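Source: prediction; values computed, not measured.
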Amino acid sequence: MKDVDRTIQRRTALAMGCAAILGIAVPALSAPRNPDDSYAILDAVDVRNPFDWLEPIGTLWRRGDRLQAAFWYYVFQIRSRPWAEADRQRTGGSGAAALRASIGETLGRPINEWLGSDPARWQETGTAAIAFEKRLAFHAGRPEGVDETAWAAMNQRAREEYEKDFEALWEQYSFARMEEMRRSNRLYVGPLRNPGQPLRW
């Protein structure tokens with residue numbers, strides 16, 4: 001296992017562990033399942049919330065299926081956004097919102113840095129994740145104190161805002177400009193390295 005993979009694994013576990021130790025209000029996970037069977041979890045209809053996906057996403061990344069990990073991370077970002085919004089309203093952001101931000105730093109940053117080497121593939125993967133998420137039914141669970149109607153509205157708003165933000169990124173920066181920025185930061189530019197299995201969704 002490479003150093004960056006160990007770091008992701010440790011920090012993700014640390015974020016979840018600290019949340020439990022500190023009593024941070026995060027969504028309750030479903031019953032434990034075999035983390036090596038990533039697709040059984042990702043494809044399950046009984047998943048209560050997107051935080052169930054963190055372990056299989058990390059597993060995909062560590063075993064070398066990086067493109068699939070990136071795809072599911074973006075789906076997670078969309079799905080976890082209303083949980084963070086509800087948490088900010090209820091606790092001021094000390095629960096799911098804080099955990100989501102931590103995951104964005106520990107898992108999202110290396111995924112974005114890796115996928116950003118090929119802006120066209122980055123745009124393609126994000127666009128595919130946005131389209132796929134729209135076809136999914138809402139999770140079985142929802143934050144405490146949020147009724148079904150309000151929850152549906154929050155999820156729809158999260159979808160629309162995420163897609164708008166993603167599209168704005170490509171309106172602001174051309175592929176050439178992104179590549180120039182990466183080179184100036186001494187980051188690799190070119191075809192994706194070690195993408196693993198192709199997307200299956």
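Y73 and Q68 share no donor-acceptor pair across their side chains, judged by distance under 3.5 Å alone.
A salt bridge does not link E160 to R157: none of the charged side-chain nitrogens sits closer than 4.0 Å to a carboxylate oxygen. R177 has a carboxylate O that lies under 4.0 Å from a charged side-chain N of E180, or vice versa, which qualifies the two as a salt bridge. With respect to D65 and R200, no salt bridge is recorded, no charged nitrogen being found less than 4.0 Å from a carboxylate O.
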Report the C-alpha distance between F76 and L107 in whole Å, list the side-chain angles of each, state the deciding distance to 0.1 Å, and finish with yes or no for side chain to side chain contact (heavy atoms under 4.5 Å, CB included). CA-CA 11 Å; F76 163 80; L107 185 59; over 6 Å; no
Yes or no on side chain to side chain contact (heavy atoms under 4.5 Å, CB included) for R81 and E85, after CA distance, side-chain angles and deciding distance? CA-CA 6 Å; R81 192 165 180 158; E85 179 184 341; 5.9 Å; no
Hey, mind stepping through R100 and D87 against side chain to side chain contact (heavy atoms under 4.5 Å, CB included) and telling me if it holds? CA-CA 11 Å; R100 183 178 185 269; D87 175 59; over 6 Å; no
Would you please test L42 and L60 for side chain to side chain contact (heavy atoms under 4.5 Å, CB included) and show each step? CA-CA 11 Å; L42 295 171; L60 289 173; 3.8 Å; yes
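Within 6.0 Å of CZ on R109 lie no more than 12 heavy atoms contributed by other residues, nucleotides or ligands. Atom CZ of F138 sits in a crowded spot, with more than 12 heavy atoms from other residues, nucleotides or ligands closer than 6.0 Å.
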Can I get a per-line list of side-chain donor-acceptor pairs under 3.5 Å for residues 183-191, giving both atom names and the distance, sequence neighbours left out?
residue : atom : partner : partner atom : Å
S184    : OG   : M181    : O            : 2.6
N185    : ND2  : M181    : O            : 2.9
Y188    : OH   : P191    : O            : 2.7

What side-chain donor-acceptor pairs closer than 3.5 Å can you find for residues 141-153, not counting sequence neighbours?
residue : atom : partner : partner atom : Å
R142    : NE   : V146    : O            : 2.7
D147    : OD1  : T149    : N            : 3.2
D147    : OD1  : A150    : N            : 2.7

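E113 contributes atom CD, which lies 10.0 Å from atom CH2 of W122 (distance to the nearest 0.5 angstrom). Interatomic distance, OG of S80 versus CG of L54, reported as 8.0 Å (0.5 Å rounding). Rounding to the nearest 0.5 Å gives a distance of 10.5 Å between CG of L67 and CD of Q197. In this structure, NZ on K134 lies 8.5 Å from CD on Q156, to the nearest 0.5 angstrom. In this structure, CD on E179 lies 7.5 Å from CG on D118, to the nearest 0.5 angstrom.
Only one option out of I111, L199, L115 pairs with F71 in a side chain to side chain contact (heavy atoms under 4.5 Å, CB included); it is L199.
Of all heavy-atom pairs between G95 and T91, the closest is N-OG1, 3.8 Å. Closest approach of P82 and A158 over heavy atoms only: CD-CB, 3.6 Å.
Side-chain contact check for Q77 versus E133: every heavy-atom pair is 4.5 Å or farther apart. Contact annotation: the side chain of P195 never approaches that of R66 to less than 4.5 Å [non-hydrogen atoms, C-beta and beyond]. With a 4.5 Å cut-off on side-chain heavy atoms, R159 and N155 do not count as touching. In this structure, the side chains of S38 and R63 come closer than 4.5 Å at one or more pairs of heavy atoms. Contact of the I78 side chain with the E163 side chain is not registered, since no non-hydrogen atoms from C-beta on lie closer than 4.5 Å.
Here the side chain of W114 pairs a donor or acceptor atom with the backbone of R193 at under 3.5 angstrom. Side chain of S102 to backbone of A98: no donor-acceptor contact under 3.5 angstrom is found.
In this structure, F132 has its ring center closer than 6.0 angstrom to the ring center of W72. For Y162 and Y74, the distance between ring centers is not under 6.0 angstrom. Between W83 and H139, the ring center distance fails the sub-6.0 Å criterion.
The aromatic rings of F166 and W170 sit perpendicular, their planes meeting at an angle over 60°, well past the 30° parallel limit.
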